[in-house]
K.L.:
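Right, I'll just put the structure down here and ask away after.
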Number of protein chains: 2
Amino acid sequence: MDKPLYVAIRERLEQAIVSGEWPPGRRLPSEKELAAEYGCARMTVSKAVTALADAGLVTRRRRAGTVVAEPRPRESLLQIHDIPTEVRAAGRAYGFEVLDRAERKATAADAGRIGLKPGQPVLALTVLHRADGTPFALEERLISLRAVPDARAEAFDAEPPGSWLQARLPWTDAEHHILALNADARVAARLEVDPGAACLCDDRRSWHGGTVVTHVRLTYPGDRRLVARFHAPGSRGKT
Amino acid sequence: MDKPLYVAIRERLEQAIVSGEWPPGRRLPSEKELAAEYGCARMTVSKAVTALADAGLVTRRRRAGTVVAEPRPRESLLQIHDIPTEVRAAGRAYGFEVLDRAERKATAADAGRIGLKPGQPVLALTVLHRADGTPFALEERLISLRAVPDARAEAFDAEPPGSWLQARLPWTDAEHHILALNADARVAARLEVDPGAACLCDDRRSWHGGTVVTHVRLTYPGDRRLVARFHAPGSRGKT
DNA sequence: CAGTGGTCTAGACCACGAA
DNA sequence: TCGTGGTCTAGACCACTGG
């Protein structure tokens, strides 16, 4: 695996948190205990736990120790952005259907969207996400089959492509372009909104290491909110 | 100031970079040199420079050293989001006008927006930003006068309030809520778009340390894009 | 090859704040 | 009070890569 020890420690802790094994409020072992557990210096675990705190997964206070943070509000977090998780977190039933699927060589238009050279094999998918049966988001995705050859054989019947991809090839970098559009007839029909209604588009490109993996355009009804939080580098931040 | 040494070092380097004193491509002193310069251990400067690299201000390569990064593309970066900078970076002439200004006790509606208790003194501003004379964004801002008493005496004739605030009380945390709206008559008139046109709203709340400083709603014509980039914690990332 | 950043160690002192 | 995290040291070895 070859990854730095502090990354491995961070991932193990992260896994315990996101899987729910350690629920919000659960206290983590102290740095000293973690150092003993992993047989390393305290600074190494400190680096791992500090990264979790920067990511907002845990809260650290002197004497009180490090505890798993309450999950942030119900809105879509731009950083995470797994639609099934988002819908279920709002207490709604999640469903999806693959409306269209095509495997092809990237056209010039595709190439511009995904950031690959024309001619590279891609998988194009259109997916509708639903919450309590109501259209929630329309997803138009391109997957680089060079980066993810397994996608060719995947039916995407158990999991939508975003979640499937995240499990196999988690992104290391993502770029979102966000814009507002008036719904055209096609989008209005899919999302069951009035033609001309303002919709929010999130064009997202994801990399794994230096490789472009996927491009997705998510179109939401306009009253949906995207939420992004930023923490100025090096500052201690708010409570 | 009592701030940690690695923060002080990061800020000094950051200052040299954002001020343009060290232009893109300029090589920074090596960690060893910086450690000698500041009279501290190499790990301390390493922490500072690593933070700059995480923020994308510099790129680091073994043997080649650390160099000031090329500034990222021309679109609004959600993390930075200074409108004059954004407009000028696109090679357009920037202008703004304060359309409305009122000092008042926070109403219940204000309180919800800015995250303060009702009755706290706030300054409410409406500002129109222009690029080459064309409306670029409509800004509706609340400033906490408890956090920024100087704002009461400021005319905002040289600088728009966003830039002015950033210079006095830089945010340490920011939360953006992004949504799409159909322009109502008032917004359409201000932005000179058709009524009903899709507009992009960025509702932003900013903190300095634990204190709410300001809330701003920026409304853009829908074809404007907001761009956000994320780097997964602990990963090495793309080129 | 040699210099750079990347990681890690085994200590240390201190400030904070819950008990 | 006293355990916790926050910071810092003065070394170390290694991987990578430009010259």
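Every chain is numbered from 1 and lettered A, B, ... according to where its sequence line falls, protein lines coming before strand lines. Here the structure is a predicted model, which means the values were calculated and not measured.
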K.L.:
In whole Å, what is the span from the NZ atom of A:K32 to the C1' atom of D:dG6?
P.N.:
15 Å
K.L.:
Using a cut-off of strictly less than 4.0 Å, decide whether B:R60 has a side-chain nitrogen or oxygen near OP1 or OP2 of C:dG6.
P.N.:
yes
K.L.:
Where do N or O atoms of nucleotides 9-15 of chain C meet protein N or O atoms at under 3.5 Å, pair by pair?
P.N.:
{"residue": "C:dT9", "atom": "OP2", "partner": "A:A41", "partner atom": "N", "Å": "2.8"}
{"residue": "C:dT9", "atom": "OP2", "partner": "A:T44", "partner atom": "OG1", "Å": "2.6"}
{"residue": "C:dA12", "atom": "N6", "partner": "A:R42", "partner atom": "NH1", "Å": "3.4"}
{"residue": "C:dA15", "atom": "N3", "partner": "A:R62", "partner atom": "NE", "Å": "3.2"}

K.L.:
Just to confirm, is there a sub-4.0 Å distance from OP1 or OP2 of C:dG5 to any side-chain nitrogen or oxygen of B:T66?
P.N.:
yes
K.L.:
Which is it for B:R27 and B:T66 under the side-chain hydrogen bond (donor to acceptor under 3.5 Å, both in side chains) test, yes or no, and what are the steps along the way?
P.N.:
CA-CA 6 Å; B:R27 181 170 163 179; B:T66 302; over 6 Å; no
K.L.:
Expressed as a whole number of angstroms, how long is the span from B:I9:CD1 to D:dT7:P?
P.N.:
13 Å
K.L.:
Run the salt bridge (charged side-chain N to carboxylate O under 4.0 Å, His left out) test on B:D110 and B:K105 for me, step by step, so that the C-alpha distance in whole Å, both residues' side-chain angles and the decisive distance to 0.1 Å come before the verdict.
P.N.:
CA-CA 9 Å; B:D110 290 343; B:K105 302 287 182 190; over 6 Å; no
K.L.:
Which listed nucleotide (D:dT4, D:dG18, C:dT7) is nearest to the side chain of B:R61?
P.N.:
D:dG18
K.L.:
What's the CZ-P distance between B:R63 and C:dG6, to the nearest Å?
P.N.:
15 Å
K.L.:
Rounded to whole Å, how long is the line connecting atom CZ of B:R27 with atom P of D:dG18?
P.N.:
12 Å
K.L.:
Answer yes or no: does a side-chain N or O of A:Y6 lie under 4.0 Å from OP1 or OP2 of C:dC8?
P.N.:
no
K.L.:
Provide, to the nearest angstrom, the distance between the NZ atom belonging to A:K47 and the C1' atom belonging to D:dG5.
P.N.:
17 Å
